[in-house]
Each structure stands twice: as C-alpha cells, then as structure tokens.
**Student:** 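Right, I'll just put the structure down here and ask away after.
Both counts, for ligands and for their atoms, begin at 1 and track the order of listing.
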Amino acid sequence: MNFEQIEALKGLLSSSKRIAIVPHKNPDGDAIGSTLALWHYLTKKGHKAIVLAPNDFPKFLKWMPGADQILNFERNNSETKKHIAEAELIFTLDFNDFGRVGQMSESLHSATAKFVMVDHHQEPSDYATVMYSDVSMSSTCEMVYNLISYLDDVALIDKDIANCLYTGIMTDTGSFKFKATTSKTHRIIADLMDKGAENTEIHHRIYDTNSPSRLHLLGCALKNMVILKDFSTAYITLSQEELDRYNYEKGDTEGFVNYGLTLEGIRFAVIFIENRAEGIFKISFRSVGDFSVNDFARKHFDGGGHHNAAGGKSERNLEDTINYFLSLLPQYKTVLTQ
Ligand code: 5GP
Ligand code: MN
C-alpha cells in the first residue's frame, strides 16, 4: 500500500463504522482466513463488522475462530442483503471482480458503501475507493498482516488472528512452497507463531481430515486422469454421477488438480468437476513455468486467477467441454513443451 492508500484507509476507519467483509464464492483457506482475521481486528478496533460469504465453505475450515458467525448469502439471504445495504464500508477480500461472488454481485452493485479491496489476483476491476492489489503477494492473508502493520496495529494481532492468517498463508502457498513464498512471508509466519499461531494443529486440521468419500473420490479422479504427453498436459474429470456415487461433500476435491503436475514432464494440469445444480463444470487449472493459466482461463473459460493457478467454468456438457478444451491445446503446444 502506498502512503495515500494508507492515509485514505486510516481516514475511513477513524470513526466506528458498520463494515461488511466479503470473500469470494466457494471460499478457500485464504478467503476465510483473511476475512475472519480482518473481522477480529476491526471488531477489536470498535467497528461493527460482519463476514458475509456468497455460499458455504468446507468442513475443514469450520474450526477457525469466528467461523460460526459468518452469514452465507445462499442460506441467510435476506439478512445478508440487509447487512450489505446498511454497510458504510465493504471490504472485498481475495477477489477483485464482482463476478466472483455469484448471485451476491447484484447486492454489491447496488450497495452505497465505499469499497476497500485487498487482493492478489491478476487484472483487478475498478470499484474500490481503497485498492490494495498486489499480484506478487503469496496470499490475501499476508496482505491483511501488512495492512494491520501499515495501520500500526501489529500489537493487536492475538492468537485468533494469528491462527486465521497462518491458515490462509499456508493453504495459498501449498505449505510455503509456491514461488510467491518469500523470506518476508516466512518472517510474517514466524511472527504469527510468536503471537500464538498453532502451526502443528493447523496443518493437522486442514490436511489430516480425509473422509472415506474424499479418498474414494480421489481414487476415481486418478483413474479418470488422461495424460496428453504431446502437450505436457494431464486432465481429470469428475461427473455429477461419480460425485454422487462416492457421497461427495463440499471440499472433498480440494487439491486433486495438483496430482497431474507430480508426473514427470507434465506442466499443465486441469480438473473438470460437474455441478449439475448450477448447470456447469467448475474447472481448476494449474501450470508450472511460462504457461499462463490466468490468460487461458480468462480467454476460454470465463475465469482467471494467478499465472500458475486459476479457475473457470463451462456450460457445455462433459463431452463438448473436453472436445473444446482439446481443440485449444495445439495453439499452446510451443509454450507447453518448450
Ligand atoms: P481453484 O482452482 O483452487 O478453485 O482456484 C485457483 C485460483 O483461481 C484461486 O486464486 C481462485 O480464487 C481463482 N479462481 C477460481 N475460479 C475462478 C473463476 O471462475 N474466476 C476467476 N477470475 N478466478 C477464479
Ligand atoms: Mn488467495
């Protein structure tokens, strides 16, 4: 954040405000961690804050301190709308375009509040009065730590805030191994541990929570994997019928897409997961090296994200989705195989 942004934010927070804090749809560890950390912080500062999520989030994040107070637009529709309409300030965290909140976007469009964006995705939209956007950041949680420090309040980071921020940095960096992990990220993590973050317990709560349904689905996904050596690509499909057969629950397929990249020579991995209720295939894209999955998702699958991790969707059926995907690969052969 530059000096003007920090001063503008200090100004907006100089008196007690009604504040809504919003993560993206299908919130992940970074989205829930950052919104809850900010909620704890703003509440401590005397604001009337609330976290409003577009929809529910996975069970393995429900232990997070404050998770039980999150309202969800799908379940608590009118209450959530009321909070958005009455908010004086709306923080949007871990996304940068109203298209990322699904049905909730209408409410955000008609809100009278001023917006503060804190986000690390590519190509931000222009809706925020204070826009803290930095694509080099490991996670939105690292940015919330920075934001608190720019407001001279690092001393207010308690165990709850530390646990929330640690979780989001951990999940968005693949446990501190992705490229965006810097020495600064590790210094922040060290400080969060000093402030009480329960690192071992957090790893356990997030990663050692396999259910039979998740492991059976993983088996099915790995069996379905198609390897396209000529394009250094591997893709997985999971149909609604397969999800139902193995009693899919929200969050069960988290991380499956990464298995493709563990194969030698594979630089582009994709998973297509059917959501019949929404009439779409939700798609996750991962790459290593120069191939930008953000550009690919944005151009062909109504999505976006980061250079090496992005998402999108398809409204075609499985066969047409895959055929369309396959038809795109030849034009990227050079960058995929160089
Ligand atoms: P995931 O594949 O884990 O759902 O998402 C990977 C990254 O892409 C995350 O940073 C996520 O926020 C972003 N992302 C996922 N789906 C979409 C989408 O439909 N549109 C955009 N713009 N970003 C997405
Ligand atoms: Mn993130």
Side-chain angles (χ1 to χ4, degrees), residues 22-38 53-55 57-58 60-61 91-105 117-125 132-147 164-176 178-181 185 206 221 235-236 238 250-261 268-273 275 278 280-287 292-315 321:
V22 180
H24 56 77
K25 191 174 174 189
N26 300 319
D28 56 7
D30 191 31
I32 295 297
S34 60
T35 50
L36 284 177
L38 187 68
N55 64 349
F57 53 94
F60 62 79
L61 297 173
F91 280 78
T92 61
L93 263 53
D94 203 33
F95 70 96
N96 60 23
D97 184 277
F98 289 171
R100 292 285 287 129
V101 296
Q103 303 287 317
M104 202 165 148
S105 66
M117 177 200 297
V118 183
D119 179 64
H120 64 138
H121 293 91
Q122 311 239 347
E123 299 176 50
S125 294
Y132 179 24
S133 163
D134 185 346
V135 298
S136 75
M137 282 286 154
S138 72
S139 53
T140 301
C141 277
E142 184 168 340
M143 299 174 80
V144 168
Y145 180 96
N146 290 342
L147 182 148
C164 293
L165 294 179
Y166 185 102
T167 300
I169 297 175
M170 180 191 83
T171 54
D172 253 32
T173 57
S175 299
F176 320 113
F178 295 157
K179 267 230 168 91
T181 313
T185 315
I206 300 282
Y235 73 86
I236 291 171
L238 281 174
K250 205 172 189 66
D252 276 349
T253 56
E254 200 70 38
F256 284 10
V257 63
N258 297 312
Y259 280 91
L261 290 183
F268 183 27
V270 188
I271 189 166
F272 301 87
I273 302 173
N275 181 333
E278 293 189 14
I280 60 164
F281 275 82
K282 183 71 195 145
I283 314 170
S284 288
F285 302 99
R286 299 291 186 271
S287 67
S292 168
V293 288
N294 169 58
D295 292 345
F296 186 84
R298 209 168 276 274
K299 200 160 168 196
H300 305 297
F301 289 98
D302 189 21
H306 307 289
H307 181 78
N308 291 129
K313 55 180 171 296
S314 165
E315 287 171 5
T321 298

**Student:** Any protein N/O atoms within less than 3.5 Å of an N/O atom in ligand 1? List the atom names and distances, or say none.
**Tutor:**
| residue | atom | partner | partner atom | Å |
| --- | --- | --- | --- | --- |
| ligand 1 | 2 (O) | Ser284 | OG | 2.6 |
| ligand 1 | 2 (O) | Arg286 | NH1 | 3.0 |
| ligand 1 | 2 (O) | Arg286 | NH2 | 3.3 |
| ligand 1 | 3 (O) | Arg286 | NH2 | 2.8 |
| ligand 1 | 8 (O) | Gly311 | N | 3.4 |
| ligand 1 | 10 (O) | His121 | NE2 | 2.6 |
| ligand 1 | 10 (O) | His306 | NE2 | 3.2 |
| ligand 1 | 12 (O) | Arg100 | NH2 | 2.9 |
| ligand 1 | 12 (O) | His121 | NE2 | 3.1 |
| ligand 1 | 14 (N) | Arg100 | NH2 | 3.4 |
| ligand 1 | 16 (N) | Lys282 | NZ | 2.9 |
| ligand 1 | 19 (O) | Lys282 | NZ | 3.0 |
| ligand 1 | 22 (N) | Gly304 | N | 3.4 |
| ligand 1 | 23 (N) | Arg100 | NE | 3.3 |
| ligand 1 | 23 (N) | Gly304 | O | 3.0 |

**Student:** Whether the side chain of Asp30 engages the backbone of Cys141 through a donor-acceptor N/O pair (distance < 3.5 Å, no angle test) should be reported.
**Tutor:**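 Pair found, side chain donor or acceptor close to backbone of Cys141.
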
**Student:** Are the side chains of His307 and Asn294 in touch, meaning some heavy atoms are under 4.5 Å apart?
**Tutor:**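 Heavy-atom side-chain distance check fails, nothing below 4.5 Å.
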
**Student:** In total, how many protein N/O/S atoms does one find closer than 2.8 Å to the Mn ion (ligand 2)?
**Tutor:**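 Every protein N, O or S atom under 2.8 Å from the Mn ion (ligand 2) counted, the figure is 4.
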
**Student:** List the steps and the verdict of ring pair (Phe, Tyr, Trp, His ring centres under 6.0 Å) for Tyr235 and Tyr259.
**Tutor:** CA-CA 10 Å; Tyr235 73 86; Tyr259 280 91; over 10 Å; no

**Student:** Any side-chain donor paired with an acceptor under 3.5 Å for His121 and Asn96?
**Tutor:**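 Note: His121 and Asn96 side chains miss the donor-acceptor criterion.
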
**Student:** Carefully, step by step, assess Thr253 and Leu238 under the rule side chain to side chain contact (heavy atoms under 4.5 Å, CB included).
**Tutor:** CA-CA 9 Å; Thr253 56; Leu238 281 174; 3.7 Å; yes

**Student:** Ser287: what forms a side chain to side chain contact (heavy atoms under 4.5 Å, CB included) with it, not counting sequence neighbours?
**Tutor:**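 Ser287 satisfies side chain to side chain contact (heavy atoms under 4.5 Å, CB included) with Phe291, Val293, Asn308 only.
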
**Student:** Using 0.5 Å steps for rounding, measure from the NE2 atom of His120 to the NE2 atom of His306.
**Tutor:** 4.0 Å

**Student:** Of all residues at least two apart in sequence or in a different chain, which pass the side chain to side chain donor-acceptor pair (under 3.5 Å) check with Thr171?
**Tutor:**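 Per chain and number, Thr171 pairs via side chain to side chain donor-acceptor pair (under 3.5 Å) with no residue.
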
**Student:** Looking at Glu278 and Lys313, does any basic side-chain N land under 4.0 Å from a carboxylate oxygen?
**Tutor:**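 No, no charged N to carboxylate O under 4.0 Å.
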
